[in-house]
Amino acid sequence: MPVPNSPLLRAVRMNDSERMICRDADQLAQAAARRISQWAAQSILERGQFTIALAGGSTPARTYRLLAHGVGETSIDWSKTWLFFGDERCVPREDDRSNYRMVRETLLSPASIAPDHVFPIPTLSSPGESAGDYAATLQQFFRTSASQLPVFDVILLGLGDDGHTASLFPHAAALDVVDVPVTNSPPGTLPPPVDRVTLTYPVLNSARHVMFLVSGESKAVALADVWSGHADAHDRPAAGVRPCGTLTWLVDQAAAPR
Ligand code: 6PG
């Protein structure tokens with residue numbers, strides 16, 4: 001999927017994943033926005049709707065801004081799109097650590113997305129109650145029973161310097177939660193040190209498309225471990241993401257293993 005005027009540095013298919021190495025964070029965001037827009041159009045054509053679980057942190061912000069402005073190949077029919085979250089910090093929505101706040105500022109407000117198309121993870125109850133509430137929200141939207149998994153069209157993920165993804169942290173109990181779609185997790189070792197609510201591996205691995213957005217030299221060691229194919233998911237939780245759908249890695253040159 002070429003990005004006009006600035007070809008990807010390289011794109012390779014490794015086993016069951018596609019790995020695209022971009023020149024920098026801007027090119028990564030452009031490529032991500034185009035790919036998400038393509039998936040959205042395909043989902044809406046095939047199923048009349050597009051469901052996406054958004055990643056938190058800072059890396060996806062550029063991509064969300066591009067999608068909000070929806071120029072050319074990065075436009076999305078928001079009237080048929082339903083937005084969820086892969087994880088959330090247990091802080092108020094106005095807190096600058098909130099993933100919802102980041103998404104609201106970069107995407108929801110600029111694109112004037114209708115609030116009833118957005119499903120934030122609740123954070124006012126205890127982390128465990130918030131996880132249960134969000135699981136119920138997913139069950140209701142996807143019309144699944146307690147024993148069925150919601151199937152997202154797309155799940156976006158980031159990669160922490162320690163190899164975590166969503167809020168699945170190394171050696172955390174959440175890594176072994178496989179009977180519910182959403183769980184809570186105490187803070188990991190990386191900031192911010194707050195309780196989290198996160199989708200669990202079974203949901204991540206049920207998605208039609210999973211795409212990692214990884215930028216910056218601080219990710220290089222963890223990314224190399226995950227790409228090696230030998231990392232234990234308890235040490236590098238991103239290694240446990242092996243979706244039955246497609247797996248795409250969009251990384252910039254700074255993060256790419258040498
Ligand atoms: C979070 C994210 C987390 C994030 C990685 C990468 O809530 O922090 O869900 O998994 O994606 O930590 O974060 P950056 O994009 O800020 O490097």
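Whatever order the structure lists ligands and atoms in, that order sets their numbers, starting from 1.
Here the rule is side-chain hydrogen bond (donor to acceptor under 3.5 Å, both in side chains) with Ser167, and of Thr198, Asp87, Thr183 only Asp87 fits it.
Between His117 and Trp82, the ring planes are parallel. Angles under 30° get that label, and only those over 60° would be called perpendicular. The aromatic rings of Phe84 and Phe141 stand perpendicular to each other, their planes meeting at an angle above 60°, with 30° marking the opposite boundary.
In terms of heavy atoms, Val203 sits closest to Ile155 at O-CD1, 3.7 Å. The two residues Asp162 and Pro237 come nearest to each other via the heavy atoms O-CD, 4.5 Å.
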What are the distances between nitrogen or oxygen atoms of ligand 1 and protein nitrogen or oxygen atoms, counting only those under 3.5 Å?
unit_1: ligand 1; atom_1: 7 (O); unit_2: Asp87; atom_2: OD2; d: 2.9
unit_1: ligand 1; atom_1: 7 (O); unit_2: Arg89; atom_2: NE; d: 2.9
unit_1: ligand 1; atom_1: 7 (O); unit_2: Asn99; atom_2: ND2; d: 2.9
unit_1: ligand 1; atom_1: 7 (O); unit_2: Arg196; atom_2: NH1; d: 3.4
unit_1: ligand 1; atom_1: 8 (O); unit_2: Arg89; atom_2: NH2; d: 2.8
unit_1: ligand 1; atom_1: 9 (O); unit_2: Asp87; atom_2: OD1; d: 2.7
unit_1: ligand 1; atom_1: 9 (O); unit_2: Asp87; atom_2: OD2; d: 2.9
unit_1: ligand 1; atom_1: 10 (O); unit_2: His164; atom_2: NE2; d: 3.4
unit_1: ligand 1; atom_1: 10 (O); unit_2: Ala166; atom_2: N; d: 3.2
unit_1: ligand 1; atom_1: 10 (O); unit_2: Ala166; atom_2: O; d: 2.6
unit_1: ligand 1; atom_1: 12 (O); unit_2: His164; atom_2: NE2; d: 2.8
unit_1: ligand 1; atom_1: 15 (O); unit_2: Ser58; atom_2: N; d: 3.3
unit_1: ligand 1; atom_1: 15 (O); unit_2: Thr59; atom_2: N; d: 2.9
unit_1: ligand 1; atom_1: 15 (O); unit_2: Thr59; atom_2: OG1; d: 2.7
unit_1: ligand 1; atom_1: 16 (O); unit_2: Ser58; atom_2: N; d: 2.8
unit_1: ligand 1; atom_1: 16 (O); unit_2: Ser58; atom_2: OG; d: 2.7
unit_1: ligand 1; atom_1: 17 (O); unit_2: Lys219; atom_2: NZ; d: 2.6

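Between Phe119 and Tyr134, the ring center distance fails the sub-6.0 Å criterion.
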